[in-house]
Amino acid sequence: MAGIVGAMRRRPSEVDPATVDGLLEIAAGPERDLAFPVHRLAAQARVRPEELAAAIAAGIPPTAQFRRVGADGAYVNFQVDPVELVRATLDLALGRGERYGHFAPTGESVCVEHTSANPTGPFHIGRVRNAIIGDSLARALRAAGPGVTTQYYVDDMGRQSAMITWLWSRPPERWPEPVRAAVAGQGSADEKPDRRRGRPYPALSAQLKSDPATAESVAELVRRIEQGDPPPEHEAVAREVLGGMLASLGRLAITFDEFVWESQFVRDGSVARILERLRAAPHAAQEENGAWSIVATQYGLPKESDRVVVQRKDGTSLYVTRDLAYHLAKFSRFERVIDVLGQDHQLHARTLEALLAELGEPRRPTFVLYQDLTSPEGGRMSTRGGSAVWLDDLLDEARERARREVLQRRDDLGPAEVEAISEAVATGAIRYHVVRVAPEKPVKFRWEEALSFEGRSGPFVQYAYARASSVLRKGDAARPPYPFEPALLVGGEELALARVVSRLPRTVAYVARSAHVHALAGYAHELADQFNRFYHAVPVLAGGEARESRLALVAAVRQALGNALRLLGIAPLESM
RNA sequence: GGGCGCGUAGCCUAGCCUGGAUAGGGCACCGGGUUCCUAACCCGGCGGUCGAGGGUUCAAAUCCCUCCGCGCCCGCCA
């Protein structure tokens with residue numbers, strides 16, 4: 001690369017080297033690895049682009065690294081020596097093994113907050129996008145070098161958590177009749193706690209609209225909780241429900257390093273200290289009734305939202321104030337803070353930024369905003385509207401469909417193997433389906449699409465991995481360190497495959513930089529796709545003198561596929 | 001009304017940050033492929049005013065402006 005830039009710099013000597021660097025592009029194509037469009041230089045030099053391209057190409061001799069340098073229309077194309085490309089790629093992929101595509105630790109500390117769903121019932125798929133994007137991003141960041149800590153922010157301060165506590169701090173006989181009726185005869189003794197505890201929640205939510213007495217009772221409980229005097233059931237029930245939700249997420253291989261309870265910032269006095277600082281802040285203003293707010297127009301907030309109330313008239317804190325305390329705590333421990341948020345929190349994110357500025361904190365979180373899943377009819381996936389789909393139910397349905405697929409093509413597996421493969425295929429399909437789309441794109445949830453096992457899907461990638469594994473198993477002499485002769489691997493399908501393998505590190509770096517985790521899903525599909533083409537076109541085990549070298553290529557592909565799948569939180573399968 | 005996001009074939013989607021060579025994939029549909037390493041696969045075909053209009057540029061899906069459509073948000077809720 002450096003040699004090329006040097007050569008380009010020498011050619012039209014009056015050209016600014018930075019211009020050359022900026023124009024040189026990585027161009028995928030069978031005959032080119034780097035391309036240089038000469039249009040701009042041609043315009044400056046007032047010559048025809050084709051002539052200039054030919055002149056430049058003629059002036060650059062092939063080197064050891066770049067076998068071919070040629071003019072193609074208005075482009076100068078460079079092709080990396082295929083033998084060198086194959087040698088370097090396989091050396092790296094096989095040598096680094098599970099660390100292929102991973103970078104050395106940078107020492108940077110990053111906090112990724114994601115999911116943070118309120119523990120008021122089972123985890124529903126309206127929130128699953130947050131969890132999958134957040135978990136995949138954390139994995140990619142870790143691979144790129146920073147030290148990553150994932151955090152789940154647990155809301156135990158608001159009305160929603162108070163409602164669950166209200167229900168379970170009294171016997172069901174004392175629930176309003178409609179709430180009791182709504183759950184009567186449902187559930188079983190052995191069901192998950194999130195489902196059991198969460199069942200009356202929608203009914204209570206509806207009841208509060210028409211039942212002032214119950215509403216006041218819940219409001220009273222909210223005040224008790226805010227004053228630091230919650231009933232004993234408060235934390236216990238929240239933990240129970242949260243445990244059930246985490247079990248669901250665990251099926252998707254989603255776990256968290258730390259759980260941060262919102263109430264801790266009230267208890268430890270940090271909210272009080274921050275309120276003190278806010279009241280003394282440059283744009284603080286006290287309302288007539290005693291509440292405090294910050295006038296935040298100069299921070300670019302929409303005019304209607306420029307007065308950010310940070311303290312109620314009764315002196316208590318608000319969600320945004322506690323979140324501010326949380327973020328200041330994060331910044332005291334981590335150099336970078338990333339929040340995965342639904343885009344309905346966009347204004348909240350801007351408000352948080354304004355308050356951080358108001359308190360003189362120079363750093364800002366990086367917000368990864370995603371569009372919430374919508375129901376097929378077009379509305380939001382909501383618990384109350386009855387359009388909610390529990391994550392467990394989605395995963396169970398996916399597993400059943402996967403099981404049918406497995407049984408249809410395999411009769412040599414025991415029940416445990418069928419079960420394991422079905423679960424891995426099901427969760428792989430769901431994770432891939434969610435992560436493959438750019439977060440900002442709106443997505444309608446459709447069962448048939450979410451459960452697809454073909455084409456651009458998780459199982460497609462898993463299948464390619466299983467095939468590669470199978471070939472390696474059958475090439476019984478094949479085992480590390482996989483000796484190979486790169487000159488035997490420069491056929492069209494083989495070279496194309498090596499090229500894709502070589503792109504994994506670049507892709508990981510891009511994902512960590514841009515937070516575009518869907519690029520990793522795209523990469524995994526491309527690699528599986530190219531492997532399938534190779535697989536059909538090129539015999540490996542019957543490869544004659546190329547057999548050992550091809551096995552090495554397959555081993556490198558398997559490594560890259562496996563690493564990419566693990567970064568996506570999808571289980572690589574030796575067999576399926 | 002204001003703010004943010006999205007708009008690419010019947011459906012879904014990549015590319016947009018950092019403008020360049022015939023806009024990549026997938027589903028569906030049509031036609032092929034299994035005495036051979038797993039057919040959850042492969043090969044071929046069909047299908048595109050990149051929402052509309054204007055601007056910048058040698059060059060626009062990509063940058064700028066206007067408009068249209070869809071979603072979300074605009075609480076002393078979280």
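By convention in this document, chain letters (A, B, ...) are assigned in the order of the sequence lines, proteins followed by strands, and residues within each chain are numbered from 1. Keep in mind that what you see is a predicted model, and the values were worked out from it rather than measured.
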With sugar-phosphate meaning primed atoms plus P, OP1 and OP2, does A:Q462 contact a base, only sugar-phosphate, or nothing at under 4.0 Å between heavy atoms? nothing
Here the pair of heavy atoms bringing A:L504 nearest to A:A564 is CD1-CB, 4.4 Å
At under 4.0 Å, does any side-chain N or O of A:R401 touch on OP1 or OP2 of B:A40? no
In whole Å, I'd like the distance from the CG atom of A:D529 to the P atom of B:G25. 8 Å
Base B:C72 to side chain A:Q371, donor-acceptor N/O within 3.5 Å cut-off: no
For A:N118, report the nucleic acid contact type (base, sugar-phosphate, nothing); a contact means any heavy atom under 4.0 Å. sugar-phosphate
With a 4.0 Å cutoff (strictly under), does any side-chain N or O of A:R312 reach OP1 or OP2 of B:C77? yes
So what does A:M157 touch, heavy atoms closer than 4.0 Å: a base, only the sugar-phosphate, or nothing? nothing
Which is true for A:P539 with a 4.0 Å heavy-atom rule: it touches a base, it touches only sugar-phosphate, or it touches nothing? base
Whether A:R436 contacts B:C12 is assessed here as follows: a side-chain N or O lying under 4.0 Å from the phosphate OP1 or OP2. Is that the case? no
Once you apply a heavy-atom cut-off of 4.0 Å, does A:V425 come out as touching a base, just sugar-phosphate, or nothing? base
Just to be sure I understand the rule, does A:E440 reach a base, reach only the sugar-phosphate, or reach nothing, if contact means heavy atoms closer than 4.0 Å? sugar-phosphate
Given B:G71, B:G26, B:C73, identify the nucleotide with an atom nearest to the side chain of A:H525. B:G26
Please state whether the phosphate of B:G7, meaning OP1 or OP2, lies under 4.0 angstrom from any side-chain nitrogen or oxygen of A:K441. yes
Strictly under 6.0 Å, is that where the ring centroids of A:H525 and A:Y432 end up? no
Give none if B:C27 has no partner; otherwise give the nucleotide forming a Watson-Crick or G-U wobble pair with it, both distances under 3.5 Å. B:G10
Both A:A74 and A:L573 contact RNA chain B. Taking the nearest nucleotide for each, which residue is further toward the 5' end? A:A74
Touch class at under 4.0 angstrom, heavy-atom based, for A:S575 against every strand present: base
Send over the distance from A:D72 CG to B:U22 P, rounded to a whole Å. 11 Å
Using purine N1 to pyrimidine N3 plus N6-O4 or O6-N4 for Watson-Crick, or N1-O2 and O6-N3 for G-U wobble, each under 3.5 Å, what pairs with B:G71? B:C4
Closest to the A:Y535 side chain: B:G26, B:C76, B:A39? B:A39
Would you mind telling me which of B:A40, B:C58, B:C12 lies closest to the side-chain atoms of A:E454? B:A40
Classify A:S470 by what it touches in the nucleic acid, base, sugar-phosphate, or nothing, heavy-atom distance under 4.0 Å. base
Any base atoms under 4.0 Å from A:V406, or only sugar-phosphate, or nothing? Heavy atoms, all strands. base
Using a 4.0 Å heavy-atom cut-off across all strands, classify A:V461 as base, sugar-phosphate, or nothing. nothing
If I compare all heavy atoms of A:R129 with all of A:K441, which pair ends up nearest, and what's the gap? NH1-O, 2.9 Å
Searching all strands shown, indicate the nucleotide that pairs with B:C46 (Watson-Crick or G-U wobble; both distances under 3.5 Å). none
Could you pull out the closest heavy-atom pair between A:Y465 and A:L573, with the gap in Å? CD2-O, 3.2 Å
Distance check: side-chain N/O of A:H518 vs OP1/OP2 of B:G15, anything under 4.0 Å? yes
Base, sugar-phosphate alone, or nothing: which one does A:R350 contact when heavy atoms must sit under 4.0 Å apart? sugar-phosphate
Does NZ or CZ of A:R467 fall inside the cone over A:Y535's six-membered ring, less than 6.0 Å from its centre and within 45° of the axis? yes
Return the value, rounded to whole Å, for the distance between atom CG of A:L52 and atom P of B:A21. 18 Å
Looking at A:R159, I'd like to know if its CZ atom is crowded, meaning that more than 12 non-hydrogen atoms belonging to other residues, nucleotides or ligands lie closer than 6.0 Å. no
Return the value, rounded to whole Å, for the distance between atom CD of A:E287 and atom P of B:C76. 9 Å
B:C76 base / A:D314 side chain donor-acceptor hit below 3.5 Å: no
What about A:N77, does its side chain sit under 3.5 Å from the base of B:A21 through a donor-acceptor pair? yes
Rounded to the nearest angstrom, tell me the gap between atom CZ in A:R159 and atom P in B:G75. 17 Å
Going by the angle between their ring planes, with limits at 30° and 60°, are A:Y319 and A:Y153 parallel, tilted or perpendicular? tilted
Using a 4.0 Å heavy-atom cut-off, does A:A519 contact any base of the nucleic acid, only the sugar-phosphate backbone, or nothing at all? nothing
Both distances under 3.5 Å, Watson-Crick or G-U wobble: report the partner of B:U57, or none. none
Considering every strand and a 4.0 Å limit on heavy-atom distances, what is the contact class for A:F460: base, sugar-phosphate, or nothing? sugar-phosphate
With a non-hydrogen cut-off below 4.0 angstrom, is A:K313 in contact with a base, only sugar-phosphate, or nothing? base
